[in-house]
There are 2 protein chains.
Amino acid sequence: MRADAKRNYDRIVEVAREVFREQGYDASLDLVAKRAGVGPGTLYRHFPTRENLIDAIMQSWVDRVDEAADKALAQEGPPRDLLLHWFEEYVALISLHKGGPAKITSAMDDPASPIRTKCEVLKTAGDRVLDWLRAEGALREGVEVTQVARLVGGVATVADQGDLDPATVRPLLEVVADGLLV
Amino acid sequence: MRADAKRNYDRIVEVAREVFREQGYDASLDLVAKRAGVGPGTLYRHFPTRENLIDAIMQSWVDRVDEAADKALAQEGPPRDLLLHWFEEYVALISLHKGGPAKITSAMDDPASPIRTKCEVLKTAGDRVLDWLRAEGALREGVEVTQVARLVGGVATVADQGDLDPATVRPLLEVVADGLLV
DNA sequence: CCACCATACGGAGAGTGTCTCCGTTTAGCA
DNA sequence: TGCTAAACGGAGACACTCTCCGTATGGTGG
């Protein structure tokens, strides 16, 4: 990749992150191009679809979900607290951008989605948490990580779309946790 | 309302229901107008925003949710079965159109939404079910109908966006039910 | 150091959808 | 039947997406 190309690529991602945070994931891509000081052609060459651009943006905080799982596992305490703590981190992270939860959660079931790789990272992070709970004998039979991702993703989606604050979301996550644990 | 106005109003709703079922809630409104045999101006006079049109479409199946609650209550059986049965009906009904669950569920938290009245009907239906469960002593302390609507709405949203079949959704609803019941 | 060319740029513009304005038509009443 | 308020509908302004292609430039071999 030529130096000027990389410069533009990085700048577009940076500007897109900002614009999407301001206006949501359906903001105008021409606006992103304009603010980044490039033509629309340049933007669309680097990112043929909106999804591709979102994918690039998400990379950084998918990594943080991975860390959050480790952090949750490092803590002492009863399984329910651990699970809830992880749920809250997860929701907070995928809600960093308006529309993010819906995007991530629906991509989980779409093998063709460009952000699929991100979902895989989220799933393996979730699996580490579930494995630990299983080892503790705290988890009900037959619980799959996909189910958990859908449940928590659903709560996050609702919270995002309704602008709910963490205190309102907490009891919802508690219901999910109680439904999952023995 | 003049007779020709009413004729057009009804025809637009009818056509919109069909078009939205085919193409989802983001279908072109000009197309709806064209198929209904009216000018765009006529459509936008009757329904200034897309939401207003959706509101009109939803009226009929909100009524059916109301009936479903009564039907669920009329059944014999343990509280868990009753709750699950109602959940499944609820999900099926608000999923009649692609994008419906997200629309309905996010409108629940938006006092300014044009489809707010519909949400109220859903909530009172839900309250009848919860009241019965409470009377049976089957419900946990402090559960609010809004919470239940959010949880089930979240599951429905995920199911809708991921095109999940009822057999896949069922275990998710079971988790929610188990988290709500004593 | 320079010339070359593959690589990248960027903007004009086609296609599509939203929504409004306003001249024309018509229902319903006196 | 004639009048008027209500309703119609389509032309068109504006916005967004995405492509095509002429122009510019970075990087490298001579």
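Each chain gets a letter, A, B and so on, in the order its sequence line appears, and its residues count up from 1.
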### Query
Is it true that B:Asp131 and B:Arg134 make a salt bridge, defined as a side-chain N closer than 4.0 Å to a carboxylate O?
yes
### Task
Could you check how far CZ of B:Arg7 sits from P of C:dT26, rounded to whole Å?
11 Å
#### Entry: Check: C:dA8 base within 3.5 Å donor-acceptor of A:Arg2 side chain
no
### Query
Can you tell me if the side-chain N/O atoms of B:Asn8 get under 4.0 Å from OP1 or OP2 in D:dA7?
no
### Message
Return whichever of B:Met1 or B:Gly41 has its heavy-atom-nearest nucleotide of DNA chain D closer to the 5' end.
### Response
B:Met1
### Message
In this structure, how many angstroms lie between the P atom of C:dA12 and the CG atom of A:Leu43, rounded?
### Response
17 Å
#### Entry: Nearest-angstrom distance from the residue atom CD of B:Glu51 to P of C:dC19
11 Å
### Task
Remember a base hit wins even if backbone is also touched, and classify B:Ala36 as base, sugar-phosphate or nothing at under 4.0 Å, heavy atoms.
nothing
### Interatomic distance, B:Arg45 CZ vs C:dC22 C1' [rounded to whole Å]
12 Å
### Message
Output the rounded distance in Å from CG (A:Leu53) to P (D:dT17).
### Response
11 Å
### Message
Categorize B:Asp30 for me: base, sugar-phosphate, or nothing, with a 4.0 angstrom heavy-atom threshold over every strand shown.
### Response
base
### Task
Report yes if a side-chain nitrogen or oxygen of B:Ser28 is closer than 4.0 Å to either non-bridging phosphate oxygen (OP1 or OP2) of C:dT18; otherwise report no.
yes
### Message
Let's go through A:Tyr9 and A:His46 carefully: what are the C-alpha distance in whole Å and the side-chain angles of both, what is the deciding distance for ring pair (Phe, Tyr, Trp, His ring centres under 6.0 Å) to 0.1 Å, and is it a yes or a no?
### Response
CA-CA 7 Å; A:Tyr9 182 102; A:His46 285 307; 5.6 Å; yes
### Query
C:dA8 phosphate, OP1 or OP2: any side-chain N/O from A:Thr42 under 4.0 angstrom?
no
### Task
Could you tell me the separation between the OH atom of A:Tyr44 and the P atom of C:dG13, rounded to a whole number of Å?
18 Å
### Message
Tell me whether A:Asp30 is salt-bridged to A:Arg35, with the criterion being a basic N under 4.0 Å from an acidic carboxylate O.
### Response
no
### Query
Within less than 4.0 Å of OP1 or OP2 of C:dC9, is there a side-chain N or O belonging to A:His46?
yes
### Query
With a non-hydrogen cut-off below 4.0 angstrom, is A:Pro40 in contact with a base, only sugar-phosphate, or nothing?
base
### Task
Send over the distance from A:Asp26 CG to C:dG17 C1', rounded to a whole Å.
15 Å
### Query
Between atom CZ in A:Arg11 and atom C1' in C:dG10, what is the gap in whole Å?
16 Å
### Message
Between A:Lys98 and A:Asp163, does any side-chain N to carboxylate O distance fall below 4.0 Å?
### Response
yes
#### Entry: N-O pairing of A:Glu174 and A:Arg170 below 4.0 Å
yes
### Query
What nucleotide among C:dA27, D:dG26, C:dT18 has an atom nearest to a side-chain atom of A:Ala3?
D:dG26
